[in-house]
Engineer: 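Please see the structure below; I have some questions.
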Amino acid sequence: MFRKFIKINNIKHPFLTISLIISFLLALLPCLIFIIEAEHEKCFGLVFILPAILIAFITFCAYKFFDKHPMLTKIITGILNSIIIIVVQIIYGTVLFYILAMVESDYAYNNPNDYIKALNSIYYQEYIQHFPEKIPGQATDILLSKTSCIFRGHEEIILRFKIDKNYIDNELLKHSYKYIETAENKTYRHNSFDFSLNMDKFTLYIINDSLSKKKEGIAPSHYGIAVNHKTNEIAYYYIN
């Protein structure tokens, strides 16, 4: 009976079935991508199904009223389904996908076990090349802070731990520095370092130049390595 019902209504109003299929395909793809790729709040991906459900409801209503008002049903359902598919699912869906992606990237990390995920979530990967691929096994007192807000253009990640002096010296030799700022000279020291990772007593080895210059009173942004030589602590940081 169900197949007979679909067959009859397909003949009467094929646009309904075609639009329904298109709508579900357009909803299913971003929904699956977000659910599979997202690390957090995967259920948000289900919002892409809502327009397809709306078209399904319109289709059901059209099947009911087609016999009484065939021409009016075709016009109204054609306009409504076209608007939902073109405006809602393609335009709004694309915007929504990027918003959800940015919300995902804004997720804060403070567990050292999530270090790799925190690194991968950074938008400007070229600015974190000085970070270690993984936290050294001999590191102790490990602290991690990664926060961001893409809407404000802000990203920050800091990895800090204690380790032997040889490791620190070898790390410092791997890079060249535009500035070396001691704890007493705070010209380029960023004022938004996470309070839990206070580095007032660290020497900053600033790798980059263009992001570290103060302009018109704007707080400096930069990336590099910070070292407390008295406590044998090293911190890798990037702040934008």
Side-chain angles (χ1 to χ4, degrees), residues 39-40 102 104-240:
E39 293 286 347
H40 315 280
M102 287 190 288
E104 177 74 11
S105 67
D106 285 351
Y107 190 84
Y109 294 89
N110 52 29
N111 187 337
N113 293 329
D114 294 328
Y115 173 64
I116 302 300
K117 292 180 180 178
L119 275 186
N120 292 336
S121 69
I122 295 296
Y123 185 79
Y124 293 105
Q125 288 287 310
E126 62 269 30
Y127 294 155
I128 57 171
Q129 296 302 307
H130 60 295
F131 277 70
E133 293 184 0
K134 60 181 181 178
I135 300 174
Q138 66 272 35
T140 60
D141 296 340
I142 305 168
L143 296 173
L144 172 68
S145 174
K146 183 271 174 179
T147 59
S148 62
C149 180
I150 301 300
F151 291 107
R152 294 185 299 168
H154 167 75
E155 277 191 313
E156 176 177 321
I157 182 169
I158 304 171
L159 172 68
R160 172 179 160 183
F161 52 82
K162 288 184 178 180
I163 202 164
D164 62 85
K165 184 177 182 299
N166 288 335
Y167 174 90
I168 295 175
D169 291 340
N170 288 333
E171 286 297 290
L172 293 177
L173 290 174
K174 292 180 180 180
H175 311 282
S176 59
Y177 308 101
K178 298 296 184 180
Y179 304 97
I180 297 178
E181 178 181 297
T182 63
E184 294 74 27
N185 176 26
K186 298 182 180 180
T187 304
Y188 296 104
R189 194 170 300 264
H190 201 284
N191 60 6
S192 71
F193 278 131
D194 190 307
F195 291 117
S196 65
L197 303 181
N198 186 293
M199 293 196 287
D200 287 343
K201 297 181 180 180
F202 283 64
T203 296
L204 300 188
Y205 294 83
I206 301 171
I207 294 175
N208 75 318
D209 181 17
S210 59
L211 293 179
S212 63
K213 293 181 179 179
K214 281 187 176 180
K215 295 181 179 179
E216 300 177 357
I218 299 175
S221 301
H222 52 262
Y223 60 92
I225 296 175
V227 177
N228 187 329
H229 293 282
K230 292 182 180 180
T231 59
N232 283 341
E233 289 181 274
I234 185 171
Y236 303 85
Y237 68 90
Y238 156 59
I239 298 176
N240 180 24

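Because the structure is a prediction, the values reported are computed rather than measured.
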Engineer: Identify the heavy atoms of L144 and A118 that sit nearest to each other, and give their distance.
Structural biologist: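 Of all heavy-atom pairs spanning L144 and A118, the closest is CD2-CB, 4.3 Å.
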Engineer: Just checking E133: does its CD atom have more than 12 heavy atoms from other residues, nucleotides or ligands closer to it than 6.0 angstrom?
Structural biologist: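 Open: at most 12 neighbouring heavy atoms sit under 6.0 Å from CD of E133.
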Engineer: Checking I180 now: which residues fulfil side-chain contact (heavy atoms from CB on, under 4.5 Å) with it, not counting sequence neighbours?
Structural biologist: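 I180 satisfies side-chain contact (heavy atoms from CB on, under 4.5 Å) with Y177, T203, Y205 only.
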Engineer: How would you list, by chain and number, every residue that makes a side chain to side chain donor-acceptor pair (under 3.5 Å) with K134, sequence neighbours excluded?
Structural biologist: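 Not a single residue meets the side chain to side chain donor-acceptor pair (under 3.5 Å) criterion with K134.
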Engineer: Are the side chains of Y115 and I142 in touch, meaning some heavy atoms are under 4.5 Å apart?
Structural biologist: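 With C-beta onward as the side chain, the pair stays apart.
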Engineer: Is a donor on one side and an acceptor on the other found under 3.5 Å between the side chain of D164 and the backbone of Y167?
Structural biologist: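 Yes, because the side chain of D164 sits within donor-acceptor range (under 3.5 Å) of the backbone of Y167.
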Engineer: State, to 0.1 Å, how close I207 and K178 come at their nearest heavy-atom pair, and which atoms those are.
Structural biologist: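 Heavy atoms only, the tightest pair is O-CG, 3.3 Å.
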Engineer: Between A226 and F202, what is the shortest heavy-atom contact and its length?
Structural biologist: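 Answer, listing the atom of A226 first, then F202: C-CD2, 3.7 Å.
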Engineer: Measuring from T140:OG1 to I135:CD1, what's the distance to the nearest 0.5 Å?
Structural biologist: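 Going from OG1 on T140 over to CD1 on I135, the span is 11.5 Å.
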Engineer: Measure the shortest side-chain to side-chain distance between F161 and P136 over non-hydrogen atoms and say whether it is less than 4.5 angstrom.
Structural biologist: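 A side-chain contact under 4.5 Å exists here.
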Engineer: Give the minimum heavy-atom separation between I163 and I168, together with the two atoms involved.
Structural biologist: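 Minimum heavy-atom separation between I163 and I168: CG2-CG1, 3.7 Å.
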Engineer: Heavy atoms only: give me the nearest P132-L159 pair and the separation to one decimal.
Structural biologist: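 What the structure gives for the nearest pair is CG-CD2, 3.9 Å.
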Engineer: For G224 versus H130, what's the shortest heavy-atom pair and its separation?
Structural biologist: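 Minimum heavy-atom contact is O-NE2, 3.0 Å.
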Engineer: Could you tell me which residues satisfy side-chain contact (heavy atoms from CB on, under 4.5 Å) with N110, sequence neighbours excluded, listed by chain and number?
Structural biologist: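 Scan of N110 (side-chain contact (heavy atoms from CB on, under 4.5 Å), adjacent residues dropped) gives none.
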Engineer: Pick out which of K201, K162, R160 makes a side-chain hydrogen bond (donor to acceptor under 3.5 Å, both in side chains) with E233.
Structural biologist: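 The side-chain hydrogen bond (donor to acceptor under 3.5 Å, both in side chains) with E233 is passed solely by R160 among K201, K162, R160.
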Engineer: Report the residue from Y127, Y124, Y238 that forms a side-chain hydrogen bond (donor to acceptor under 3.5 Å, both in side chains) with E155.
Structural biologist: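 For E155, the side-chain hydrogen bond (donor to acceptor under 3.5 Å, both in side chains) check succeeds only for Y238.
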Engineer: Rounded to the nearest 0.5 Å, what separation is found between the CG atom of N170 and the NZ atom of K165?
Structural biologist: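 The NZ atom of K165 is 10.0 Å from CG of N170, to the nearest 0.5 Å.
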Engineer: I need the Q129 CD to L119 CG distance, nearest 0.5 Å.
Structural biologist: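 Q129 atom CD to L119 atom CG measures 9.5 Å (nearest 0.5 Å).
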Engineer: Measuring from I128:CD1 to I122:CD1, what's the distance to the nearest 0.5 Å?
Structural biologist: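 The CD1 atom of I128 sits 5.5 Å away from the CD1 atom of I122.
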Engineer: Measure the shortest side-chain to side-chain distance between Y237 and L204 over non-hydrogen atoms and say whether it is less than 4.5 angstrom.
Structural biologist: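 When only atoms from C-beta onward are counted, L204 and Y237 do touch, with a gap below 4.5 Å.
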